[in-house]
Protein chains: 2
Amino acid sequence: MSRPSELTRHSLIEEAINVFAAKGFAGGSVRAITKKAKANQAAINYHFGSKEGLYREVLKVSIEAFSEKTLLHAGTVENLPREEAVRLFVRQQLQPLLSNSRVSRYVRIFAWETLSPSRVFQDYVASEQVPMLVLAEKIVRRYAPADASREEIMVKAIWLANQSGAFVRNFASLSRPPVSLSVDQGFVERLIDTIAALAIAALSAPSPRERSQRGEG
Amino acid sequence: MSRPSELTRHSLIEEAINVFAAKGFAGGSVRAITKKAKANQAAINYHFGSKEGLYREVLKVSIEAFSEKTLLHAGTVENLPREEAVRLFVRQQLQPLLSNSRVSRYVRIFAWETLSPSRVFQDYVASEQVPMLVLAEKIVRRYAPADASREEIMVKAIWLANQSGAFVRNFASLSRPPVSLSVDQGFVERLIDTIAALAIAALSAPSPRERSQRGEG
DNA sequence: TTGGAATTGAAACGGCAGTTTGGACCGAAT
DNA sequence: ATTCGGTCCAAACTGCCGTTTCAATTCCAA
């Protein structure tokens, strides 16, 4: 593959990350992507086979980069106090909100997928492990008793993975009525503290099953 | 307005609720709605002015019915133990999941809106109060100290309102890999208990601000 | 019963979507 | 210098979308 073709390929992926982060897979058009990437409309089909093929590449890049370049890795989660792991987990999703960093775009892409998963994403999570859910599961297990059911673990993992989602998705509308909050760096920091504290308190409490086992139900 | 025209109007709204609940506003087409309602494609524009006009009507019907026909009203929330209010709040969103009731369709429409709000919905929440957020705010206030900031209240209200959202949105994928849970009535009951317990424990804990005021930060 | 308004109907319009086409271009090997 | 595979481009294709048109029909009051 020659130099100029790789440049086209690369800038297509780059702009696709921007467009899909802003509008989701269904809402992002190939025309918008090729226009921003200064490429021809046919380029996506030529290089990636289809819009779905391009998105598959975007997801691969995003998921790999997200799990490598972020605060919390699957390896480090075991070596932290469990409260600190929760805080970092929340932080790595909310902190990028105010920035235009690469990571913030990955987080937004994942937020779109948690709302209405694309076929590409569904295929991906069915075959390969999704770092965010794996992380959430690891953290939840550190709070759960040894005899917790898989159902309870998975439910809590899904719950934890989605604790920040509402704010990521609706970040723009937080500053508009009827919420009308002033959204700045300080707000995001307080938001991280609040959500992390809520999650920690929730996970620390005994589950309904544990309470009923102790005759407290 | 004559009888048959009202019949067309009514069945259009009825089928629109089904279609929008299944596919969201953007994903639901007027062709699908008019076909199911056995009406002409032009009927929507004739009776409601536009697709948006129909959706405005659907939202109005859904929000009114949801706040009237559900377990928890703005009036009753003050007269219950606050833990019970949380449980009912969670229950009224999760219990309809397994059924095909009207309410389940309303919940699904709201779930679509929390993911990517339509212009119609944004206009609605900017002008009229949304029952679900009002309820969440009332419940949060019962847990918050008297001097809690509006920011903290609103953040926690948004948080509470979205506690069930992940499961409503991804309900269908819970039974598929990699989650692979068996989803039946018993599961939904346990899910309600688990989520409600998590939310109650979270709200009951002192916020980071309170802890730092006590010198525990 | 009749006249006019309300409603329905089939078809077309204009726009945007993803994709395909076929030729132009280019760089490197023959 | 020519050939050839890889790449790029403008344009067109197909399909779905929401909307509009306008004639046909239905309804109801006069």
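First the proteins, then the strands, lettered A, B, ... as listed; each starts at 1.
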Without placing hydrogens or testing angles, list every side-chain donor-acceptor pair under 3.5 Å for residues 124-136 of chain B, not counting sequence neighbours.
from: B/Ser127; atom 1: OG; to: B/Asp123; atom 2: O; distance (Å): 3.1
from: B/Ser127; atom 1: OG; to: B/Tyr124; atom 2: O; distance (Å): 3.1

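The side-chain contact (heavy atoms from CB on, under 4.5 Å) check on A/Phe167 picks up A/Leu94, A/Leu174, A/Leu191, A/Ile195, B/Val155, B/Ile158, B/Trp159, with sequence neighbours excluded. Applying the side-chain hydrogen bond (donor to acceptor under 3.5 Å, both in side chains) rule to A/Arg142 yields no partners; only residues at least two apart in sequence or on another chain are considered. Partners of A/Glu189 according to the side-chain hydrogen bond (donor to acceptor under 3.5 Å, both in side chains) rule, which considers only residues two or more places apart in sequence or in another chain, are A/Arg91. With sequence neighbours left out, the side-chain hydrogen bond (donor to acceptor under 3.5 Å, both in side chains) criterion links B/Ser118 to B/Glu113. For B/Gln122, the side-chain hydrogen bond (donor to acceptor under 3.5 Å, both in side chains) partners are A/Arg176, not counting sequence neighbours.
Residue B/Ile44 contributes atom CD1, which lies 11 Å from atom C1' of D/dT19 at whole-angstrom precision. Spacing between atom CG of A/Asn45 and atom P of D/dA11 amounts to 18 Å, rounded to whole angstrom units. Look at OH on A/Tyr46: it is 17 Å from P on C/dG23, rounded to the nearest Å. Atom CG in B/Leu12 sits about 13 Å away from atom P in D/dT19, given to the nearest Å. Going from atom OH of A/Tyr55 over to atom C1' of C/dG18 covers 17 Å, rounded to whole Å. Between A/Glu6 atom CD and D/dC8 atom P the separation is 11 Å, expressed in whole Å. Summarising the geometry, the separation between CD1 on B/Ile33 and C1' on D/dC17 is reported as 12 Å, rounded to the nearest angstrom. Spacing between atom NE2 of A/His10 and atom P of D/dC8 amounts to 15 Å, rounded to whole angstrom units.
At a threshold of 4.0 Å, the pair A/Glu14-A/Arg105 does not count as salt-bridged, since none of the basic side-chain nitrogens sits closer than that to a carboxylate oxygen.
The overall bend of the helix from C/dT1-D/dA30 to C/dT30-D/dA1, read as the angle between its terminal helix axes built from five base pairs each, is 20° when rounded to 10 degrees.
An OP1 or OP2 oxygen of C/dT8 is reached within less than 4.0 angstrom by a side-chain nitrogen or oxygen of B/Thr8. Note on A/His47: a side-chain N or O is less than 4.0 Å away from OP1 or OP2 of D/dC8.
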Provide a list of protein-nucleic acid N or O atom pairs under 3.5 angstrom, restricted to nucleotides 9-17 of chain C.
from: C/dA10; atom 1: N7; to: B/Asn40; atom 2: ND2; distance (Å): 3.2
from: C/dA17; atom 1: N7; to: A/Arg31; atom 2: NH1; distance (Å): 3.3

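Sorted by first and then second residue, the ring pair (Phe, Tyr, Trp, His ring centres under 6.0 Å) pairs with a member in residues 9-33 of chain A read A/Phe20-A/Phe25, A/Phe20-A/Tyr55, A/Phe25-A/Tyr55; sequence neighbours excluded.
The environment of B/Arg119 atom CZ is sparse: at most 12 non-hydrogen atoms of other residues, nucleotides or ligands sit within 6.0 angstrom.
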